[in-house]
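To keep things clear, I will list the structure first and then write my remarks on it.
Residue numbers begin at 1 in each chain, while the letters A, B, ... track the order of the sequences. Scope of the values below: all heavy atoms of this structure, side chains included, with no hydrogens, waters or symmetry mates.
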There are 2 protein chains.
Amino acid sequence: MALDKIDRKILTLLQKDATMPVAEIGRKVGLSTTPCWRRIQKMEEDGVIQRRVAVLDPAKVNVGVTVFVSVKTNEHNDAWMRKFAGVVDEFPEVVEFYRMSGDVDYLMRVVVPDIGAYDAFYKRLIGKINLTDVSSAFAMGQIKYTTALPLDFAIVVDDDK
Amino acid sequence: MALDKIDRKILTLLQKDATMPVAEIGRKVGLSTTPCWRRIQKMEEDGVIQRRVAVLDPAKVNVGVTVFVSVKTNEHNDAWMRKFAGVVDEFPEVVEFYRMSGDVDYLMRVVVPDIGAYDAFYKRLIGKINLTDVSSAFAMGQIKYTTALPLDFAIVVDDDK
DNA sequence: TCTCGTGAGCAATTTTATTGCGTAACTTTG
DNA sequence: CAAAGTTACGCAATAAAATTGCTCACGAGA
């Protein structure tokens, strides 16, 4: 599952634009179409590349507002966590959800059109599961957002190129 | 720029899997290839669809740890904000960056291999820009992560279908 | 040196994307 | 009410890209 320099170049390109023809990717990384294609296939099979998706403009689909919701709880057992996860999964407004260390127990990122919609979401959420300590922080603006992960840390075997 | 029910169905599919052939998308939304293709083109031109990207498995590229970094500052001017934004842009580890209301001024999501790498990142960051009040919260696990935005709020004109 | 395993490339072949053209439904206007 | 324009559809042809089969070259180990 190790990635060499060419693999990482390919991934860098695909993280930016997954519509680029394999022939062009090959050209950019110094490979002909076939071996380049095979490398991509392998990375998909290995699960390094999970999927290819369309990224939409949040404002254009009317979810320009991001809210970070912190949750503290007393229920520190696995069953409750699963239930919470299940509930959250039902809400498409929740685009990210983390179990945290430290001060808060869970953190989620929620996208909505405006404050009013957030309030409606909030009511629906607490209707589905009992949450005691919830705190919401509104983002005034998204300065950076990328789906591209840094590849500088990827495991490498042979990296002389 | 309004989206009807068919457009939203198309977007739902493309947000899940952008490799699906247009013919198949058309079949699923009850349209032949051409009009379906034209709708997709239009949404790309309109910027509703921003891009198509490959999504990688964080663990497989060795950035399995997410850290949320909160920043408070006294510098509440536009120039400083731009500088900060510029600095952050240089760091591929920072995948999201928000200007916040309330308690903290900025919030960023950082992905790294481990605590040690986070510390190294932190040192590099504060070497680039003077930050006084920084607080880091580690995620113990990612329970949900999706690039798919909810389409329930999208602006609609004619939605009788 | 011989043989095997790994990657590369060329040249089909198959799949998809893209375009040209004609038709039907709905709207606007005289 | 009908003519004319606009919009969206579908079929069929064309162009582009993905995918596969086969062969060749290189380096490691017997």
Side-chain angles (χ1 to χ4, degrees), chain A residues 1-57 60-61 147-148 151 154-161, chain B residues 1-57 60-61 147-148 151 154-161:
Chain A
M1 205 201 64
L3 305 170
D4 67 9
K5 202 155 196 168
I6 292 180
D7 289 324
R8 279 177 292 154
K9 275 189 186 177
I10 293 172
L11 291 178
T12 298
L13 292 169
L14 286 179
Q15 282 196 119
K16 279 186 174 296
D17 177 12
T19 68
M20 187 181 292
V22 179
E24 188 179 342
I25 296 173
R27 196 169 45 67
K28 294 200 178 190
V29 305
L31 228 52
S32 74
T33 305
T34 306
C36 184
W37 182 81
R38 296 217 163 111
R39 279 166 180 262
I40 294 170
Q41 290 308 306
K42 181 163 192 315
M43 292 193 282
E44 288 182 342
E45 281 166 24
D46 292 349
V48 174
I49 297 173
Q50 284 187 323
R51 58 216 321 222
R52 291 150 187 257
V53 301
V55 176
L56 310 189
D57 182 329
K60 299 244 166 97
V61 295
T147 55
L151 298 175
I155 311 298
V156 172
V157 265
D158 168 18
D159 205 25
D160 39 9
K161 289 193 178 176
Chain B
M1 203 201 65
L3 306 170
D4 67 9
K5 202 155 194 169
I6 293 179
D7 289 323
R8 281 178 290 153
K9 275 190 187 177
I10 292 172
L11 291 178
T12 299
L13 292 170
L14 286 179
Q15 284 196 118
K16 279 187 173 297
D17 177 12
T19 67
M20 187 180 293
V22 180
E24 187 179 344
I25 297 172
R27 194 167 47 67
K28 294 201 179 190
V29 305
L31 226 54
S32 74
T33 306
T34 306
C36 184
W37 183 81
R38 296 221 163 106
R39 280 167 180 261
I40 294 171
Q41 291 306 307
K42 182 164 191 312
M43 291 192 284
E44 287 182 344
E45 281 166 22
D46 292 349
V48 174
I49 297 173
Q50 285 187 323
R51 58 215 322 222
R52 292 152 186 254
V53 302
V55 176
L56 310 189
D57 182 329
K60 298 241 167 101
V61 295
T147 55
L151 298 174
I155 311 298
V156 173
V157 264
D158 167 17
D159 204 23
D160 40 8
K161 288 192 178 179

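- In the set D/dA17, D/dT19, C/dC10, the nucleotide with an atom closest to the side chain of A/Q41 is D/dT19.
- Nucleotide C/dA17 holds its P atom 21 Å from the NZ atom of B/K42, rounded to whole Å.
- The two residues B/L151 and B/R8 make their nearest non-hydrogen contact at CD1-O, 3.4 Å.
- Remark on DNA chain D: of its neighbouring residues A/T19 and B/L31, the 5'-side contact belongs to B/L31, judged by nearest-heavy-atom nucleotide.
- Following rounding to the nearest Å, B/I10 (CD1) and C/dA17 (C1') show an atom-to-atom distance of 15 Å.
- If you check C/dG20, C/dC10, D/dG21 against the side chain of A/R38, the one that comes closest is D/dG21.
- Between C/dA8, D/dT19, D/dA8, one nucleotide has an atom nearer to the side chain of A/W37 than all others, and that is D/dT19.
- The base of D/dC11 lies close enough to the side chain of B/T34 for a donor and an acceptor atom to sit less than 3.5 Å apart.
- The backbone N or O of A/I6 sits less than 3.5 Å from a side-chain atom of A/D4, completing a donor-acceptor pair.
- If you take CZ of B/R27 and C1' of D/dC9, they are 18 Å apart, rounded to a whole angstrom.
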Next item on the list: Starting from the C-alpha separation in whole Å, work towards a yes-or-no answer on side-chain contact (heavy atoms from CB on, under 4.5 Å) for A/I10 and A/L13.
Entry: CA-CA 5 Å; A/I10 293 172; A/L13 292 169; 5.8 Å; no

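- Among the nucleotides C/dA17, D/dA18, D/dG10, the one closest to the side chain of B/V22 is C/dA17.
- Rounding to whole angstrom units, CD1 of residue A/I25 and P of D/dT19 are separated by 12 Å.
- Considering only heavy atoms from C-beta on, A/R39 comes within 4.5 Å of A/L31 through its side chain.
- The distance between atom CD of B/E24 and atom C1' of C/dA17, rounded to the nearest whole Å, is 15 Å.
- Distance, B/M20 CE to C/dT15 C1': 16 Å, rounded to whole Å.
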